[in-house]
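Keep in mind it's a predicted model, so treat the numbers as computed, not measured. The chains referred to below are lettered A, B, ... by the order of the sequence lines, with proteins before strands, and numbering in each begins at 1.
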There are 2 protein chains.
Amino acid sequence: MQKNNPTNNFGAYLDRTIKIIKHNYTRSFKKNGVDITTEQWVLLDSLNTKNGVAQNELANDSFKNAPTVSRIIDLLVKKGLIERKPSPTDRRSHLIYLTKKGRNIYAKALPVVEGLRRKGWEGLNDEDYDHLLRILDTILGNFKENK
Amino acid sequence: MQKNNPTNNFGAYLDRTIKIIKHNYTRSFKKNGVDITTEQWVLLDSLNTKNGVAQNELANDSFKNAPTVSRIIDLLVKKGLIERKPSPTDRRSHLIYLTKKGRNIYAKALPVVEGLRRKGWEGLNDEDYDHLLRILDTILGNFKENK
DNA sequence: CCCATATATTTGCCATAGCAACTATTGCCA
DNA sequence: TGGCAATAGTTGCTATGGCAAATATATGGG
């Protein structure tokens, strides 16, 4: 319970780390001819696991808010990587599906992402992973609503 | 050196953590009548430590790029919290200074930020802090240029 | 069944961020 | 010293993200 003092600026460290990670994603995608952004990858990855979901579910899974997901979907539809289909049970809702082209891009991006994950984790081990997740989960829990 | 496998999605955990942290900053500033954003706070905080610096130095210190800093400075100047003064030694350069109003806002924001740091770090200790910094530094180093 | 409320999505507005191009200077070096 | 590469800053363009408001539809209670 120490380090909860004025100099414990963990937010800044997290921020700069996430920035350099995203920068590497962008650069590697470009270098490998994968024409998507990091955040577009997040949605494609989510859809590859669970296809045909409503936008709000996609938003939840990807930790984005509804307007942001709506607009990223617009871009991905424009690129032909996904499609919106009306939900058969709820006329307010659209279900999102990967297209053939989307699956192809996903297949092309996946090894790039795996390479980045390996590269980023070099010199670290399973114990570190447990530490990291435990610490981030604790921070997350501390900041959840109604606290 | 394990966990460098396809499921080691540490980027997503970092991303959602930083999002909830920034959300809490925004909300607390608003609730306490501090009319600045999280990123504006980052610059004010940097200036409080080292006043009268050039924009590129401010960019380096805050891990932002030059255009972003230029525009945040525009907003802070408009709010009267900082001012640009021509550098006496380099006519391309502006030195940035906190104004009296800026120092007042800083003084008002600081206890809010300290509260958030304490809240976020609840349940964690110095050892965790060392773990976190070591892990983030390692990831950062792995992703630095020319690697 | 009807209405009030809740939910799914979209749109507008603004802030942050990155990239590329542009201007104004500076500094170096032949 | 003349010229050219490097540097400081700004601006344009695009993407992401958050908040608030608007629309369309669903749902639950009386």
Does [N] have OP1 or OP2 under 4.0 Å away from a side-chain N or O of [X]?
| X | N | value |
| --- | --- | --- |
| Ser93(A) | dT9(C) | yes |
| Lys19(B) | dG17(D) | yes |
| Asn56(A) | dT7(C) | no |
| Ser70(B) | dT10(D) | yes |

*Is Leu132(A) reachable from Phe63(A) through a run of hydrophobic residues whose side-chain heavy atoms are each under 4.5 Å from the next?*
no

Whole angstrom value for the distance that separates [atom2] of [N] from [atom1] of [X]:
| X | N | atom1 | atom2 | value |
| --- | --- | --- | --- | --- |
| Lys79(B) | dC14(C) | NZ | P | 13 Å |
| Ile21(A) | dG18(C) | CD1 | P | 13 Å |
| Ile72(B) | dA17(C) | CD1 | C1' | 9 Å |
| Asp15(A) | dA15(C) | CG | C1' | 14 Å |
| Lys64(A) | dT16(D) | NZ | P | 8 Å |
| Phe29(A) | dT14(D) | CZ | P | 22 Å |
| Asp61(B) | dA8(D) | CG | P | 13 Å |
| Asp74(B) | dA15(C) | CG | P | 11 Å |

Discussion item. When you measure from the side chain of Thr17(A) to the backbone of Tyr13(A), do you find a donor-acceptor pair of N or O atoms at a distance under 3.5 Å?
Written reply: yes

*Would a distance-only check, ignoring hydrogens and angles, find a side-chain to backbone donor-acceptor pair under 3.5 Å from Ser28(A) to Val112(A)?*
no

Nucleotide nearest [X] (side chain, heavy atoms from C-beta), chosen from [options]:
| X | options | value |
| --- | --- | --- |
| Gln40(B) | dT16(D), dT10(D), dT16(C) | dT16(C) |
| Pro67(B) | dC19(C), dT9(C), dT11(C) | dC19(C) |
| His23(A) | dT16(D), dC19(C), dT10(C) | dC19(C) |
| Lys30(B) | dG17(D), dA15(D), dA20(D) | dA20(D) |
| Thr37(B) | dT16(C), dA8(D), dT9(C) | dT16(C) |

Report task. Could you tell me whether Arg27(A) sits above the aromatic face of Tyr25(A), with NZ or CZ closer than 6.0 angstrom to the six-membered ring centre and within 45 degrees of the axis? Result -> no

Distance under 6.0 Å and angle within 45° of the ring axis: does Lys85(B) meet both against Tyr97(B)?
yes

Taking for Ile73(A) and for Asn65(B) the nucleotide of DNA chain C with the nearest heavy atom, the one nearer the 5' end belongs to Ile73(A)

Donor/acceptor link under 3.5 angstrom from Arg71(A) side chain onto base of dG18(D): yes

Review point. Does the base of dG27(C) carry an N or O that pairs as donor and acceptor with the side chain of Arg92(B) under 3.5 Å?
Key: no

